[in-house]
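These figures come from a predicted structure and were not determined experimentally.
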Amino acid sequence: MRILILNGPNLNLLGKREPEIYGRKAFEDYFGELQAQFHEHKLEYFQSNHEGALLDKLHEVGFSYDGIVFNAGAYTHTSVALGDAIAGISTPVIEVHISNVHRREAFRHHSYLSAHCAGIIVGLGLQGYALGVQAIIGHQS
Ligand SMILES: O=C(O)[C@]1(O)C[C@H](CCCOc2ccccc2)[C@@H](O)[C@H](O)C1
């Protein structure tokens, strides 16, 4: 299967800042672990700090890939456009958040994406990404 791992703004800082919330591992290192764990499948990683670039990537892969595991970062709480993009593609999207957003500030409790996603994984750290990949594999099998 072909699966995109898609990360939004500031997630390029993982491992460098706020380790108490997001852990100490850089995503590139974790992505290597994901690839090893799911070596029978083709995993691709893309990260951008720009809403339009994330939206273009959703359009690019959203009619050919088997699944997308998407952490939109703060755009989760602001972007009607990304929600519309998810609604407009055929590839299933799993929304992932490293932290438990429901135990944080109130503005993080709402997602413009969730209603359009196949599933949501929240608060389980980086493991959420692996669980998202597993959900896509299990759903498509
Ligand atoms: O918990 C998550 O995965 C979030 O999507 C992370 C976003 C923040 C991404 C920024 O990640 C950083 C990592 C290290 C240092 C600074 C920011 C936050 O705005 C969402 O509410 C929840």
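Annotation: side chain of Y45 is not in contact with side chain of Q35 (no heavy-atom distance under 4.5 Å). Within the 4.5 Å cutoff, no side-chain heavy atoms of R104 are placed close to those of H97. Inter-residue side-chain proximity for V101 and S99 is flagged as met; some heavy-atom pair is nearer than 4.5 Å.
A single hydrophobic cluster is seen to contain both I136 and L124, as judged by linkage of ILVMFWY side chains at heavy-atom distances under 4.5 Å, directly or through other members. Linking ILVMFWY side-chain heavy atoms closer than 4.5 Å, directly or via other members, places L6 and Y129 in two distinct hydrophobic clusters. Both I121 and F27 sit in one connected hydrophobic cluster of ILVMFWY residues. Membership requires side-chain heavy atoms under 4.5 Å apart, directly or through other members. A chain of hydrophobic side-chain contacts below 4.5 Å, direct or via other Ile, Leu, Val, Met, Phe, Trp or Tyr residues, connects L14 to L131. V61 and L55 fall within a single hydrophobic cluster, where Ile, Leu, Val, Met, Phe, Trp and Tyr are joined by side-chain heavy atoms under 4.5 Å apart, directly or via other members.
In this structure, CZ in F46 is found 14.0 Å from CD1 in I5, a value given to the nearest 0.5 Å. Taking OH from Y65 and CD1 from I3, the interatomic distance works out to 11.0 Å, rounded to the nearest 0.5 Å. Once rounded to the nearest 0.5 Å, the distance linking CD of Q127 with CD1 of I98 reads 12.5 Å. From F31, atom CZ reaches atom NZ of K25 across 14.0 Å, with rounding to the nearest 0.5 Å. Note that NE2 of H41 is 9.0 Å distant from CG of D66, once rounded to the nearest 0.5 Å. E20 CD to R17 CZ: the interatomic distance, rounded to the nearest 0.5 Å, is 9.5 Å.
Shown here for G88 and F63, the closest heavy-atom pair between the two residues is O-CZ, 3.4 Å. Nearest heavy atom pair, residue V96 against residue G128, reads CG2-O, 3.7 Å. Of all heavy-atom pairs between T91 and S64, the closest is OG1-N, 4.0 Å. Minimum interatomic distance between A130 and F38 (heavy atoms only, all atoms of both residues): O-CZ, 3.6 Å. Contact between I86 and C117 at its shortest, heavy atoms only, is CD1-SG, 4.1 Å. Minimum interatomic distance between T76 and A72 (heavy atoms only, all atoms of both residues): OG1-CB, 3.5 Å.
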TODO: Test V93 against H116 for side chain to side chain contact (heavy atoms under 4.5 Å, CB included), laying out the working first.
DONE: CA-CA 8 Å; V93 177; H116 309 295; over 6 Å; no
TODO: Verify side chain to side chain contact (heavy atoms under 4.5 Å, CB included) between F70 and L82, making sure each step is shown before the conclusion.
DONE: CA-CA 11 Å; F70 187 18; L82 287 173; 4.2 Å; yes
Task: side chain to side chain contact (heavy atoms under 4.5 Å, CB included) assessment of I68 paired with I89 - done: CA-CA 11 Å; I68 300 164; I89 61 176; 3.8 Å; yes
Open item on the list: Show, in sequence, the C-alpha distance, side-chain angles and deciding distance for Y112 and D84, and conclude whether the side chain to side chain contact (heavy atoms under 4.5 Å, CB included) test is met.
Closed with: CA-CA 9 Å; Y112 282 98; D84 287 346; over 6 Å; no
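Counting non-hydrogen atoms of neighbouring residues, nucleotides and ligands closer than 6.0 angstrom, the NE2 atom of H139 reaches no more than 12 such neighbours.
E95 and S111 share a donor-acceptor pair across their side chains, judged by distance under 3.5 Å alone. A side-chain N or O of Q47 and one of N49 form a donor-acceptor pair less than 3.5 Å apart.
Panel note: side chain H110, backbone H77; no donor-acceptor pair is recorded below 3.5 Å. Using a distance-only test at 3.5 Å, with no hydrogens or angles considered, no donor-acceptor pair links the side chain of Y75 to the main chain of G8.
Partner N7 forms a side-chain contact (heavy atoms from CB on, under 4.5 Å) with one of N71, V69, L54 and no other, that one being N71.
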